[in-house]
Amino acid sequence: MSTQKPEEQIQAGANDAGKFGLSPRASALRVATEELASERSVRRPELVARSDRESFGEALQHVTVAQHLLAIHAAAKLPG
């Protein structure tokens, strides 16, 4: 839990605005989504059996969208 006042948090965020896409936290989130996608691929038969193909496909679509958004977010922060 942050001990900063809300206005201090906003200012801190504004100061780091250009770093978010390439920050260690953003990189860790990209790695986590890659691992989730990989695990879903490996465990597909089990996961489909526990739910259904439609639910599996929907979940996979959400992971894919997250991966693309994170990649765009990082690319937008690259120099040039």
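- Electrostatic pairing of Glu46 and Arg50 counts as a salt bridge here, judged by a charged N lying under 4.0 Å from a carboxylate O.
- In this structure a side-chain-to-backbone donor-acceptor pair under 3.5 Å is present from Ser27 to Ser23.
- Scanning both residues, Ala37 and Val63, for their nearest heavy atoms gives CB-CG1, 3.7 Å.
- At least one side-chain heavy atom of Thr64 sits under 4.5 Å from a side-chain heavy atom of Gln67.
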Original post:
Given the rule in the side chain to side chain contact (heavy atoms under 4.5 Å, CB included) test, do Glu58 and His62 qualify, once you have shown the distances and angles that lead to the verdict?
Top reply: CA-CA 6 Å; Glu58 190 175 316; His62 289 299; 3.7 Å; yes
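- Considering only heavy atoms from C-beta on, Arg25 stays 4.5 Å or farther from Leu29 through its side chain.
- Smallest separation of non-hydrogen atoms from Arg30 and Ala74: NH1-CB, 3.5 Å.
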